[in-house]
Amino acid sequence: MKKIGQHIILILLLLTIPIVSSPDFDGTLSVFKVSPFQREFIRFVLVVIFFYVNLNLFLPKLYSKKKYALFTICLLLCFGLMVFVPNYLTAENNISTPGFPSQMLPPPVSPNGNIPPPPMEGRFSHENFQQRNKASYGQMIFSSLLPFLFSFLSSLFIFKNIEKKELERSKAKAELLSLKYQLQPHFLFNILNSIYSLALLKSDDTPNGILKLSNVMRYVVQESSKDLVTLSKEIEYIKDYIALQLLRTDSSLDFSYTETGETKSLQIAPFILVNFIENAFKYGFNAEENSKISVTIIIQEESVHLNVFNNIVNHAITDEESLKVGLKNTLEHLQQVYPGKHTLNTMNDGRTYKVDLKINLL
């Protein structure tokens, strides 16, 4: 609705151009009674109409679908309307008798008969009128050609820019979906193996593990295609994810999770936080060493603040290049969804890794 209002204001402003630029404009609306101005104003209105019709109909429905013949016919028809309609609608070019314009008829004879009418030969002959009419049509075509080309080229330029932005948006969305679906297959295999081990031991944690896995998979299937989800759902997903990861750990892991603040009605892009937590478990747990992982989520009014800390103990997979690639993907994800609305600080000293992320959700 806002865009429609903006276009209406723009159209009204454009229509003032032929009024204020007319040599017949005297500050009043009397200029609309002048035939040359009427003709140019109607032509200008048709130029504006053609711009929007070409931008929203001809270019997307015909040009982009390579229906060039029909597209050309439509352009020629529009140009013909732009040439002839203004002259047809103005009184100056109405023809009262075949071959003679009304204002060119000879003056009447005086009642006393002393003043004969001027001779019709030469001035008002049919041949002379045809010659004047041909010249007039040539001028009509020329005066319509430049506005028509300007309207066509400007609408084509805008259409190409819209196409380019749509392509970039589609590419960004595809990349974002790819990042969303990066729930590693090895994670699922590990969780299933953990649940299988619990089942063999007849552990009481088996039903709960299956329930958490079901919740995680349901969330991935139902929410991954959405642009935004409620922050409360995202945090519940993170908790289920952490619970599943903890099934794979033992007493060698010192783990803590803290959450403060109220989610209220805040929304967030799905899977934007979990990548950092996944990396903490990937690089921060090793059954042969004392491991430590802490996750803190702070919700303050319109923002969410994530702190993740882990010891780097899984040296078999932790290398600088791997960390760089993972961080690069996460940064692209954040930049696509929250450009200018987030701050991310990381620290890696070779023994510990810290993440400090703050996102403005509004």
Of the non-hydrogen atoms in [X] and [Y], which two are nearest, and what is the gap between them?
{"X": "Arg43", "Y": "Glu40", "value": "NH1-OE2, 2.8 Å"}
{"X": "Glu234", "Y": "Ile268", "value": "CB-CG2, 3.8 Å"}
{"X": "Ile293", "Y": "Ala280", "value": "CD1-O, 3.5 Å"}
{"X": "Asp227", "Y": "Pro270", "value": "O-CD, 3.5 Å"}
{"X": "Pro86", "Y": "Arg39", "value": "CB-O, 3.4 Å"}
{"X": "Ser252", "Y": "Phe285", "value": "OG-CE1, 3.6 Å"}

Taking [atom1] in [X] as the centre, count heavy atoms belonging to other residues, nucleotides or ligands within less than 6.0 Å. Is the count above 12?
{"X": "Asp349", "atom1": "CG", "value": "yes"}
{"X": "Glu163", "atom1": "CD", "value": "yes"}
{"X": "Gln335", "atom1": "CD", "value": "yes"}

Let me confirm one number: the [atom1]-[atom2] distance from [X] to [Y], rounded to the nearest 0.5 Å.
{"X": "Phe71", "Y": "Asn54", "atom1": "CZ", "atom2": "CG", "result": "5.0 Å"}
{"X": "Ile49", "Y": "Phe44", "atom1": "CD1", "atom2": "CZ", "result": "12.0 Å"}
{"X": "Ser303", "Y": "His342", "atom1": "OG", "atom2": "NE2", "result": "14.0 Å"}
{"X": "Ile210", "Y": "Lys212", "atom1": "CD1", "atom2": "NZ", "result": "13.0 Å"}
{"X": "Thr206", "Y": "Leu200", "atom1": "OG1", "atom2": "CG", "result": "9.0 Å"}
{"X": "Tyr241", "Y": "Ile277", "atom1": "OH", "atom2": "CD1", "result": "8.5 Å"}

Could you tell me if the side chain of [Y] sits less than 4.5 Å from the side chain of [X], heavy atoms only?
{"X": "Asn208", "Y": "Leu247", "answer": "no"}
{"X": "Asn307", "Y": "Thr258", "answer": "no"}
{"X": "Tyr257", "Y": "Leu246", "answer": "no"}
{"X": "Val229", "Y": "Tyr219", "answer": "yes"}
{"X": "Leu57", "Y": "Tyr52", "answer": "no"}
{"X": "Val295", "Y": "Phe276", "answer": "no"}

Strictly under 6.0 Å, is that where the ring centroids of Phe255 and Phe281 end up?
->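 For Phe255 and Phe281, the ring centres are under 6.0 Å apart.
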Phe51 ring center within less than 6.0 Å of Phe150 ring center |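 Distance test on ring centres: not under 6.0 Å, no.
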Please work out which of the three classes, parallel, tilted or perpendicular, describes the rings of Phe50 and Phe58, given edges at 30° and 60°.
->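 Judged by the thresholds at 30° and 60°, the geometry between Phe58 and Phe50 is tilted.
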Does [X] reach the main-chain N or O of [Y] with its side chain, forming a donor-acceptor pair under 3.5 Å?
{"X": "Gln267", "Y": "Leu231", "result": "no"}
{"X": "Ser155", "Y": "Phe152", "result": "yes"}
{"X": "Tyr353", "Y": "Gly284", "result": "no"}
{"X": "Lys341", "Y": "Leu362", "result": "yes"}
{"X": "Ser151", "Y": "Pro147", "result": "no"}

For Asn311 and Asn286, run side-chain contact (heavy atoms from CB on, under 4.5 Å): C-alpha distance rounded to whole Å, both residues' side-chain angles, the deciding distance at 0.1 Å, then the answer.
-> CA-CA 10 Å; Asn311 292 333; Asn286 188 337; over 6 Å; no
His305: which of Asp356, Thr296, Thr260, Thr343 passes side-chain hydrogen bond (donor to acceptor under 3.5 Å, both in side chains) =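 Among Asp356, Thr296, Thr260, Thr343, the one that satisfies the side-chain hydrogen bond (donor to acceptor under 3.5 Å, both in side chains) with His305 is Asp356.
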Which of these, Val313, Asp254, Thr352, Asn310, sits in a side chain to side chain contact (heavy atoms under 4.5 Å, CB included) with Lys292?
->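 The single option meeting the side chain to side chain contact (heavy atoms under 4.5 Å, CB included) with Lys292 is Asp254.
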Membership question, hydrophobic clusters at under 4.5 Å side-chain separation (ILVMFWY): are [Y] and [X] in the same one?
{"X": "Val355", "Y": "Phe309", "value": "no"}
{"X": "Ile73", "Y": "Phe148", "value": "no"}
{"X": "Leu211", "Y": "Ile238", "value": "no"}
{"X": "Leu146", "Y": "Met82", "value": "no"}
{"X": "Leu153", "Y": "Leu75", "value": "yes"}

Salt bridge present between Glu236 and Lys239 (N-O < 4.0 angstrom) |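 Yes.
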Show the numbers, then the answer: is there a side-chain contact (heavy atoms from CB on, under 4.5 Å) between Arg218 and Glu223?
-> CA-CA 8 Å; Arg218 184 184 298 111; Glu223 310 296 337; over 6 Å; no
side-chain contact (heavy atoms from CB on, under 4.5 Å) evaluation trace for Ile359 with Leu273 | CA-CA 10 Å; Ile359 304 175; Leu273 303 176; 4.2 Å; yes
Does the pair Phe157 and Asn161 meet the rule for a side-chain contact (heavy atoms from CB on, under 4.5 Å), with working shown?
-> CA-CA 6 Å; Phe157 175 77; Asn161 278 334; 3.2 Å; yes
